[in-house]
Amino acid sequence: GGGQAGARIWREDTIRWQPDDPPGAKYAVLDGDRDRPGTLFTYAFWLPGGVWAPVHVHSQAAHVAVMRGTLRLGYGRVADRSRTVAVAAGEFFIVRADEPHFEGSDEPCLIIGTALGGWRTTTLG
């Protein structure tokens, strides 16, 4: 992040990305500490086109905005892509703690989420 007078401004091309799963995806903590229980943190997650995350759960609820592209989001323990909903850039969704879900995109897709620390992701499928 960067900016003037204490502002924190991120752009997709200046985020300090880390490789993530599924292969090809990238992740970055923008603010806060995802390992510190009970404190807010904000993260970015980038998926290249054609990449899908398997069914998984998070230990905390995530409040998520799609910034670029269209995310295909599905719920349940089976990654049935025909039962996903399209969440377009400018739209917002919430994934509750321990709610099995999966996601992917046919195009490059950037999401920004906020959650509480103590964050864990557990793959189910």
Side-chain angles (χ1 to χ4, degrees):
Q4 296 179 353
R8 299 287 187 256
I9 300 169
W10 289 266
R11 291 188 316 270
E12 189 174 346
D13 63 344
T14 62
I15 292 172
R16 292 187 182 131
W17 293 106
Q18 303 295 319
D20 201 10
D21 287 323
K26 299 185 287 188
Y27 181 90
V29 173
L30 303 180
D31 190 52
D33 183 346
R34 74 177 178 177
D35 297 322
R36 187 171 172 200
T39 62
L40 285 176
F41 76 98
T42 299
Y43 65 90
F45 184 67
W46 186 87
L47 274 172
V51 172
W52 286 76
V55 175
H56 60 282
V57 296
H58 302 294
S59 56
Q60 314 287 354
H63 296 218
V64 182
V66 177
M67 306 301 291
R68 179 159 77 100
T70 299
L71 185 73
R72 301 292 310 186
L73 178 64
Y75 291 95
R77 292 184 169 272
V78 176
D80 181 351
R81 295 182 189 181
S82 72
R83 298 186 61 197
T84 60
V85 294
V87 187
E91 296 182 330
F92 176 85
F93 64 95
I94 297 172
V95 174
R96 303 289 179 205
D98 300 317
E99 184 171 47
H101 64 286
F102 61 98
E103 66 265 346
S105 183
D106 295 327
E107 60 189 320
C109 186
L110 172 65
I111 64 174
I112 303 289
T114 298
L116 288 176
W119 181 264
R120 289 178 316 283
T121 299
T122 303
T123 300
L124 302 178

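For reference, positions follow the sequence shown, starting with 1.
Counting only distance, with no hydrogens or angles, the side chain of Ser105 and the backbone of Thr70 share a donor-acceptor pair below 3.5 Å. For the pair Thr84 (side chain) and Leu73 (backbone), a donor-acceptor distance under 3.5 Å is absent. One N or O on the side chain of Ser59 and one on the backbone of Gly118 form a donor-acceptor pair closer than 3.5 Å.
Of all the heavy atoms in Pro23 and Val51, the pair that sits closest is O-CG1, 3.9 Å. Between Ala88 and Val66 the shortest heavy-atom distance is O-CB, 3.5 Å. Scanning all heavy atoms of the two residues, the minimum distance from Ser82 to Asp80 falls at OG-OD1, 2.6 Å. The shortest heavy-atom contact between Ala61 and Ala115 is O-CB, 3.3 Å.
Side-chain contact between Pro108 and Arg68 is present, with heavy atoms from C-beta onward closer than 4.5 Å. Between Phe93 and Val87, some side-chain heavy-atom pair lies under the 4.5 Å cut-off. Residues Phe45 and Lys26 are not in side-chain contact: their nearest non-hydrogen atoms beyond the backbone lie 4.5 Å or more apart. Here the side chains of Arg8 and Trp10 are in contact, with some heavy-atom distance below 4.5 Å. Side-chain contact between Leu124 and His56 is absent, with no heavy atoms from C-beta onward closer than 4.5 Å. Counting only heavy atoms from C-beta outward, the side chains of His58 and Arg96 never approach each other to under 4.5 Å. In this structure the side chain of Val64 never reaches within 4.5 angstrom of the side chain of Ile94, judged on heavy atoms. Considering only heavy atoms from C-beta on, Val78 stays 4.5 Å or farther from Val55 through its side chain.
Taken to the nearest 0.5 Å, the CD atom of Glu103 stands 6.0 Å off from the CD1 atom of Ile111. Atom CD of Gln60 is separated from atom CG of Leu40 by 10.5 Å, given to the nearest 0.5 angstrom. Atom OH of Tyr43 and atom CG of Asp20 lie 10.5 Å apart (nearest 0.5 Å). Taking CD1 of Ile15 as the reference point, atom CD of Gln18 lies at 11.5 Å (rounded to 0.5 Å). Interatomic distance, Leu71 CG to Leu47 CG, rounded to the nearest 0.5 Å: 7.0 Å. One distance of note links CZ of Arg72 with CH2 of Trp52; it measures 6.5 Å at 0.5 Å rounding.
Between the side chains of Tyr27 and Arg34, at least one donor N or O lies within less than 3.5 Å of an accepting N or O. No hydrogens or angles considered: nothing links the side chains of Thr114 and His63 as a donor-acceptor pair under 3.5 Å. With 3.5 Å as the limit, one finds a donor-acceptor pair spanning the side chains of Trp46 and Glu12.
Note on Trp17 and Ile112: same hydrophobic cluster, where clusters join Ile, Leu, Val, Met, Phe, Trp and Tyr whose side-chain heavy atoms are under 4.5 Å apart, directly or indirectly. Under a hydrophobic-cluster definition in which Ile, Leu, Val, Met, Phe, Trp and Tyr are linked whenever side-chain heavy atoms come within less than 4.5 Å, directly or via other members, Trp119 and Val57 are assigned to different clusters.
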